[in-house]
Amino acid sequence: MAANAFERAAPPGAITHPPSSSDYLVDRGFRLLAVCGASLIILLCAYILWKIGGQALPAIYNHHLGFLTSTNWNVQEAKFGILPEIWGTLYSSLLALLIGGFFGLTVAIFLTQDFLPPKVALVFRTIIDMLAAIPSVVFGLWGIFVVIPAIRPIANWLNETLGWIPFFGTSLSGPGLLPAALVLAIMILPTVAAISQDALHLVPYRTKEAAYGMGTTHWEAILKVMVPTAAGGIASAMVLGFGRALGETMALAMLIGNSNQINLSLFAPAQTLASLLASHFPEAGQVEVQALMYAALVLLAITLVVNMMGTAILTFAQRRISGRS
Amino acid sequence: MTEQATIAAIAPVGGASSAPDLRRSFTERRALRSVILTAGAWIAAAIASVPLFSVLYMLIVQGGSRLSLDLLTELPPAGFELGGGFGNAIVGTLVMVAIAAVISIPIGVLAATYLAELDPDGRLASGARFLAKVLTGFPSILAGVFVYAILVLAMGSYSAWAGGISLAVLMLPTVVLTAEEAMKTVPRRMKDAALGMGCTRTQMIWKIVLPTALPGILTGVMLGVARVAGESAPLLFTALFSNYWLSSLREPTASLSILIYNFSSMPFDNQIELAWAASLVLVLIVLVFNILSRILGRSKI
């Protein structure tokens, strides 16, 4: 092999030596491998889309877009529709976002805005992060034996006294939308809290000092200066939390009651796209599997759009803040 | 805010003639609102930490009461049977997590070196980084659906391989993104020094970047392991479940999370108790990896 320019220039018998030809070869090879690694991520995403889409193709051909607006799931007649699942997915995730988003943002403010000494705040942050470490299925088990018994008396009392309000229209007999949404809220809280904290940390301290200098109170500085400045990051926290809620499976499959219906009541059993997959897939025949693949494709499309939005907002917000300071 | 408005905001009402009173009064509306909001934040933070303690309490009381050595060595009981354990499920979970780690760590670290070192701002790197971030929010059940479509249908059977690969899909983005962050924290001047000595970029990466960033990379790996060890949705129709000991990687395999899911809906007290005990074991496994990642992450450069 021809020696490279460094090798030609090296004096004979020197202790140090320039990269040999084989070093260059290894370098080439390794860089090629690294390119493969990075491309693999992109290929994986494309392959997931292609494979699930391909499996769903027969069902798309059979059911067209009527699949999205039909409320029927009948294996015998091969009639499938996922409107109740789309409704249940959005309804439970929005409820979870409402509760989890509020508490997550409050916790983030509480931990970053000088309410606690830094060391105590770190301990508290670890506690909230630990919530994210508890497996979904354990939350499901906890929901069945703790949350449902705890809220059933309240739910049934609300149904008896305020039953004319559609939200309290049915009684809570066991699994239902509200316990599922509550557990879902707990599961997205760490996501929302962590990303919001990072967003609030990014705001330069002198911004807050400037607000204090203008004579604001502690909370005026938080609500009128800090939160609006970090709004981009907080918005992405909400969107990504929502995305997490949309795709959450096990806890919902255990708590939501798996009932194919559209009901405004918080206490009625419902069904989500993910829990439909979890409960029907293992025993499905070929035709039903195709319909389930179609449902999976819809879930994939919804979560992809939501997550891409969240990631894009986050990237944009981080760039804007770090560009300004 | 204009200058005048600012002064009006600081000065108490009626301070036109005398000097403004700068003392803070707690009965003033703005100060009162601040105090009330602070109290609200304390209460909300307290409420937010209740679920964790409730879960831990239930795990220790319900699961701890049943914990014994038999649980770890015996097979799951059938319907009315008493006793039993979930040794095969622990083995299954560990084996599938190991498969996931073996697949996703090399690919993840390779991809991360490209993203962090070789061409951080290139089009391939930006695309891969964006998709990795999107993949972190990928619903875990869809990883199961995907692997069902590519492996279970092809092999004609549920298997530990399929379960492990679906977990690898979920673990990959965590490994890539944390490893990239870790490599970015290696100081520029160390890399420049290596290149200035005549290292090729590969030598620079292997001798400088990877050893220096190792704690951070391990943190990411541990986080990834902790994340997938508790997953159950992707295993539902890739690994399925089995009531027997793992004998081959090409057969349906038991896992702790699926055992909890199956037993939670059974009407027998024995199974419910086992589900709680399995939850305790599962949470302990996840916490061990989580704590490991924290310990490793603390020894930063």
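So that the names make sense, note that chain A is the first sequence line, chain B the second, and so on, each numbered from 1. Keep in mind it's a predicted model, so treat the numbers as computed, not measured.
- Using a 4.5 Å cut-off between heavy atoms, A/Arg244 contacts chain B through its side chain alone, with no backbone atom that close.
- Residue A/Glu220 touches chain B through its side chain alone, counting heavy-atom pairs closer than 4.5 Å.
- A/Leu33 touches chain B through backbone and side chain together, each having a heavy atom under 4.5 Å away.
- Residues A/Ala312 and B/Phe130 come closest through the heavy atom pair N-CE1, 4.2 Å.
- When each of B/Ser265, B/Ser54, B/Gly127, B/Ser49 is checked for heavy-atom pairs under 4.5 Å with chain A, B/Ser54 comes out on top.
- Heavy-atom distances place the side chain of A/Ile144, and not its backbone, under 4.5 Å from chain B.
- Of all heavy-atom pairs spanning B/Leu118 and A/Ala34, the tightest one is CD1-CB, 3.5 Å.
- In this structure, chain B has no heavy atom under 4.5 Å from any part of A/Val306.
- For the side-chain contact (heavy atoms from CB on, under 4.5 Å) with A/Pro135, the qualifying choice from B/Ile285, B/Val283, B/Leu256 is B/Val283, the only one to do so.
- Taking the ring-ring contact (aromatic ring centres under 6.0 Å, His included) definition, one finds that A/Trp50 meets it with nothing, sequence neighbours left out.
- Only the side chain of A/Leu40 comes within contact range of chain B, with at least one heavy atom under 4.5 Å from a heavy atom of that chain.
- At distances below 3.5 Å, not a single donor-acceptor pair connects side-chain atoms of A/Asp27 with backbone N or O atoms of B/Thr200.
- Note: A/Ala133 leads A/Gly243, A/Gly54, A/Ala133 in heavy-atom pairs under 4.5 Å with chain B.
- Most heavy-atom pairs under 4.5 Å with chain B: of the set A/Phe281, A/Phe102, A/Phe103, this distinction falls to A/Phe281.
- The heavy-atom pair separating B/Ser34 from A/Trp219 by the smallest distance is O-CD1, 3.1 Å.
- The side-chain contact (heavy atoms from CB on, under 4.5 Å) test with B/Val145 singles out one residue from A/Leu300, A/Val289, A/Leu277, A/Leu292, and that residue is A/Leu277.
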Please assess A/Ile41 against B/Arg129 for the test side-chain contact (heavy atoms from CB on, under 4.5 Å), listing each intermediate value before the final yes or no. CA-CA 9 Å; A/Ile41 298 175; B/Arg129 192 178 296 125; over 6 Å; no

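- Options B/Ala125, B/Pro106, B/Ala143, B/Gly230 differ in how many heavy-atom pairs under 4.5 Å they form with chain A, and the most are formed by B/Gly230.
- Looking only at heavy-atom pairs under 4.5 Å with chain A, the residue among B/Phe237, B/Phe263, B/Trp206 that has the most is B/Phe237.
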| Verdict with supporting geometry, B/Leu142 and A/Ile48, side-chain contact (heavy atoms from CB on, under 4.5 Å) | CA-CA 9 Å; B/Leu142 290 183; A/Ile48 289 173; over 6 Å; no

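- Counting heavy-atom neighbours within 6.0 Å of B/Tyr57 OH, excluding the residue itself, gives a total of 12 or less.
- For B/Val176, the part lying near chain A is the side chain, with the backbone staying farther off; criterion is any non-hydrogen pair under 4.5 Å.
- If you tally non-hydrogen atom pairs under 4.5 Å between each of A/Val107, A/Leu116, A/Ile127, A/Asp129 and chain B, the highest count goes to A/Ile127.
- Using a 30° and 60° split on the angle between ring planes, A/Phe110 and B/Trp42 fall in the perpendicular class, above 60°.
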CA sep, side-chain torsions, deciding dist, call: B/Val55, A/Val146, side-chain contact (heavy atoms from CB on, under 4.5 Å): CA-CA 9 Å; B/Val55 170; A/Val146 177; over 6 Å; no

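- Looking at every heavy atom in both residues, A/Met250 comes nearest to B/Ser232 through CG-OG, 2.9 Å.
- Looking at A/Leu111, neither its backbone nor its side chain comes within 4.5 Å of chain B, counting heavy atoms on both sides.
- When heavy atoms are compared at a cutoff of 4.5 Å, A/Tyr47 approaches chain B by way of both its backbone and its side chain.
- With a 4.5 Å cut-off on non-hydrogen atoms, B/Tyr148 touches chain A through its side chain but not through its backbone.
- Contact record, B/Ala48 with A/Leu189: CB-CD1, 4.1 Å, taken as the closest heavy-atom pair.
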Please lay out, stage by stage, how B/Leu124 and A/Ile42 fare under the test side-chain contact (heavy atoms from CB on, under 4.5 Å). CA-CA 9 Å; B/Leu124 174 62; A/Ile42 297 175; 3.6 Å; yes

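- For a residue to count as touching a neighbouring chain, one of its non-hydrogen atoms must lie under 4.5 Å from one of that chain's; by this rule A/Thr191 does not touch chain B.
- Scanning all heavy atoms of the two residues, the minimum distance from A/Ala278 to B/Leu236 falls at CB-CD1, 3.5 Å.
- Only the side chain of B/Leu287 comes within contact range of chain A, with heavy atoms under 4.5 Å apart.
- For B/Glu231, no part sits under 4.5 Å from any heavy atom of chain A, backbone or side chain.
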